[in-house]
2 protein chains.
Amino acid sequence: MIKLDRIDLKILDILQRDARSTIKEIAGKLNLSTTPIFERIKRLEKAGVIDRYVAILNPTLLGKKLTAFIHISIKDHTKESVEAFVERVVSFDEVIECHHVSGDSDFLLQVLLEDIEKYNQFVMEKLSVVPNISKLESRFSLSVRKKTNLVYIQTGPAK
Amino acid sequence: MIKLDRIDLKILDILQRDARSTIKEIAGKLNLSTTPIFERIKRLEKAGVIDRYVAILNPTLLGKKLTAFIHISIKDHTKESVEAFVERVVSFDEVIECHHVSGDSDFLLQVLLEDIEKYNQFVMEKLSVVPNISKLESRFSLSVRKKTNLVYIQTGPAK
DNA sequence: AATACAATAGAAAAATATTCTAAAAAGTAA
DNA sequence: TTACTTTTTAGAATATTTTTCTATTGTATT
């Protein structure tokens with residue numbers, strides 16, 4: 001497990017908010033020269049702490065106006081059946097999250113689609129076709145009040 | 001509403017998978033020079049289709065090993081009460097998603113924390129202190145099988 | 001204090017982003 | 001079709017940024 005000091009954490013905090021921050025800008029904020037910032041970033045990338053850099057798009061402007069949460073229970077819980085189920089489900093581009101969860105149901109999916117019609121089509125033609133489903137319950141997001149990728153990092157004082 | 005042609009969609013597809021792709025690389029893939037790619041990206045940014053660029057961190061390596069989903073029902077549904085509730089909830093750094101949802105409960109939160117103990121602490125000391133909560137039900141993610149920000153884009157042929 | 005190790009500053013080189021001008025392409029109206 | 005307008009693009013020049021390198025500074029250990 002990689003060791004992270006205060007400077008590393010601040011770099012992470014800056015980059016996860018704006019990946020376009022230049023090394024010079026970060027160096028300015030942290031009162032360092034560009035070299036240590038550059039090398040620390042490379043180190044964080046190699047260690048996997050920084051997984052990747054992505055552009056976040058506005059789904060609405062791309063016609064994806066519906067977010068739904070689908071709770072699914074499965075019949076057969078043998079490892080092979082579960083894996084086969086997961087493999088099918090995560091292969092759908094509409095599915096943006098898939099969690100194996102505790103509680104009444106076994107899986108919780110988050111799906112992103114154009115609208116209710118596409119949702120219906122997705123469930124009917126793609127999802128419910130997947131074997132091993134026993135129960136399927138949907139909720140729709142009426143409004144997204146927060147959605148972030150930020151991993152909260154304490155960047156207070158101390159060392 | 002901005003018009004997007006096939007080239008725009010391909011640029012978006014590339015950038016949302018790897019925001020570090022250089023303009024030259026993208027230009028190469030799309031058989032264009034750097035100028036049109038550069039200008040199209042700027043246009044997509046201004047239009048808000050590209051919302052922002054972020055670094056995606058590995059939560060586990062930062063000690064955040066628990067993802068939980070919390071279904072919340074509230075007592076008072078007047079607009080003021082609801083807004084006050086939302087404002088409080090989204091202010092918590094542990095809350096990475098907050099949706100107003102259809103179904104039995106009113107809100108669905110996704111929270112990211114260190115572990116069960118921190119979760120308990122969060123619910124006891126922060127969440128349940130928020131006024132207007134009538135019911136609160138939690139599920140835990142036993143394993144994350146998919147988690148992406150990709151907005152699926154058809155980049156086939158046609159125009 | 002002397003040694004070893006890691007982190008840093010500063011400058012140089014390489015790569016990239018950005019701007020500019022002019023040519024090509026696509027669409028419009030007669 | 002032709003003439004005209006508008007949009008898109010290529011290619012070169014410039015500005016920034018990233019990346020590499022060398023030497024210095026700082027820190028910990030003995």
Side-chain angles (χ1 to χ4, degrees), chain A residues 1-58 61-63 149 153-159, chain B residues 1-58 61-63 149-151 153-159:
Chain A
M1 193 91 150
I2 188 178
K3 265 187 215 164
L4 305 172
D5 63 13
R6 202 181 84 267
I7 296 172
D8 292 320
L9 296 178
K10 286 202 170 165
I11 292 173
L12 292 174
D13 194 55
I14 291 170
L15 285 179
Q16 72 173 158
R17 289 171 200 278
D18 180 7
R20 280 314 225 278
S21 307
T22 66
I23 292 175
K24 199 199 291 183
E25 283 169 0
I26 300 172
K29 285 182 188 169
L30 306 187
N31 286 107
L32 282 171
S33 65
T34 60
T35 309
I37 304 298
F38 174 80
E39 290 184 348
R40 280 165 180 269
I41 291 174
K42 290 303 157 198
R43 185 168 135 268
L44 292 165
E45 289 170 353
K46 281 211 182 97
V49 178
I50 296 176
D51 185 52
R52 60 193 191 281
Y53 299 92
V54 304
I56 302 293
L57 309 187
N58 182 326
L61 294 182
L62 288 164
N149 294 294
I153 295 173
Q154 283 284 24
T155 53
K159 185 191 172 182
Chain B
M1 192 92 150
I2 188 177
K3 266 186 215 164
L4 304 172
D5 65 12
R6 202 182 84 264
I7 296 172
D8 292 320
L9 295 178
K10 285 201 170 165
I11 291 174
L12 292 174
D13 194 55
I14 291 171
L15 285 178
Q16 72 174 159
R17 290 172 198 279
D18 180 8
R20 282 310 227 267
S21 306
T22 66
I23 291 176
K24 200 200 289 186
E25 284 169 359
I26 300 172
K29 285 182 188 170
L30 306 187
N31 286 108
L32 282 170
S33 64
T34 59
T35 310
I37 304 299
F38 174 80
E39 291 184 347
R40 280 166 180 270
I41 291 174
K42 290 303 156 198
R43 185 168 135 268
L44 292 165
E45 290 170 353
K46 280 208 182 99
V49 177
I50 296 176
D51 184 53
R52 61 194 193 280
Y53 299 91
V54 305
I56 301 293
L57 309 187
N58 182 327
L61 294 182
L62 288 163
N149 293 294
L150 291 186
V151 176
I153 295 173
Q154 282 284 24
T155 54
K159 184 192 175 184

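These values consider heavy atoms only, across backbone and side chains, with no hydrogens, waters or symmetry-generated copies. As the structure is a computational prediction, the values presented were derived from the model and not from experiment.
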## Note on the structure
Taking every heavy atom of A:L61 against every heavy atom of B:A47, the minimum-distance pair comes out as CD1-O, 3.4 Å
### Task
Identify the heavy atoms of A:A19 and B:A55 that sit nearest to each other, and give their distance.
CB-N, 3.7 Å
### Query
A:D8: what forms a salt bridge (charged side-chain N to carboxylate O under 4.0 Å, His left out) with it, not counting sequence neighbours?
A:R40, A:R43
Check: [Y] and [X] side chains under 4.5 Å, non-hydrogen atoms:
X: B:L30; Y: B:K10; answer: yes
X: B:I2; Y: B:V49; answer: yes
X: B:Q16; Y: B:V151; answer: yes
X: A:L44; Y: A:L4; answer: yes

Within this structure, what is the [atom1]-to-[atom2] distance between [X] and [N], rounded to whole angstrom?
X: A:D5; N: D:dT27; atom1: CG; atom2: C1'; value: 14 Å
X: B:D8; N: D:dT7; atom1: CG; atom2: P; value: 15 Å
X: A:K24; N: D:dT19; atom1: NZ; atom2: P; value: 15 Å
X: A:R6; N: C:dA7; atom1: CZ; atom2: C1'; value: 14 Å
X: B:E25; N: C:dA15; atom1: CD; atom2: C1'; value: 11 Å

[atom2] on [Y] to [atom1] on [X], rounded to 0.5 Å:
X: B:I7; Y: B:L12; atom1: CD1; atom2: CG; result: 12.0 Å
X: B:I14; Y: B:L9; atom1: CD1; atom2: CG; result: 11.0 Å
X: A:I50; Y: A:L15; atom1: CD1; atom2: CG; result: 5.0 Å
X: B:I37; Y: B:S21; atom1: CD1; atom2: OG; result: 11.0 Å

### Query
How would you list all residue pairs meeting side chain to side chain donor-acceptor pair (under 3.5 Å) that involve residues 22-39 of chain A, not counting sequence neighbours?
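Sorted result for residues 22-39 of chain A: empty, none.
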### Query
Any side-chain donor-acceptor pair under 3.5 Å between B:Y53 and B:E45?
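Looking only at side-chain atoms, B:E45 and B:Y53 do form a donor-acceptor pair, the distance falling under 3.5 Å.
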Close N or O pairs between protein and nucleotides 12-14 of chain C (under 3.5 Å):
none

### Query
So which of residues 26-44 of chain B are in contact with DNA chain D, with a heavy-atom cut-off of under 4.0 Å?
B:L32, B:S33, B:T35, B:P36, B:E39, B:R40
### Query
Tell me, which of residues 11-23 of chain A have any heavy atom that sits under 4.0 Å from an atom in DNA chain D?
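Of all residues in residues 11-23 of chain A, the ones placing a heavy atom under 4.0 Å from DNA chain D are A:T22, A:I23.
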### Query
When the C1' atoms of the five terminal pairs at each end define the local axes, what inter-axis angle does the helix from C:dA1-D:dT30 to C:dA30-D:dT1 show, to 10 degrees?
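Terminal axis comparison yields 40°.
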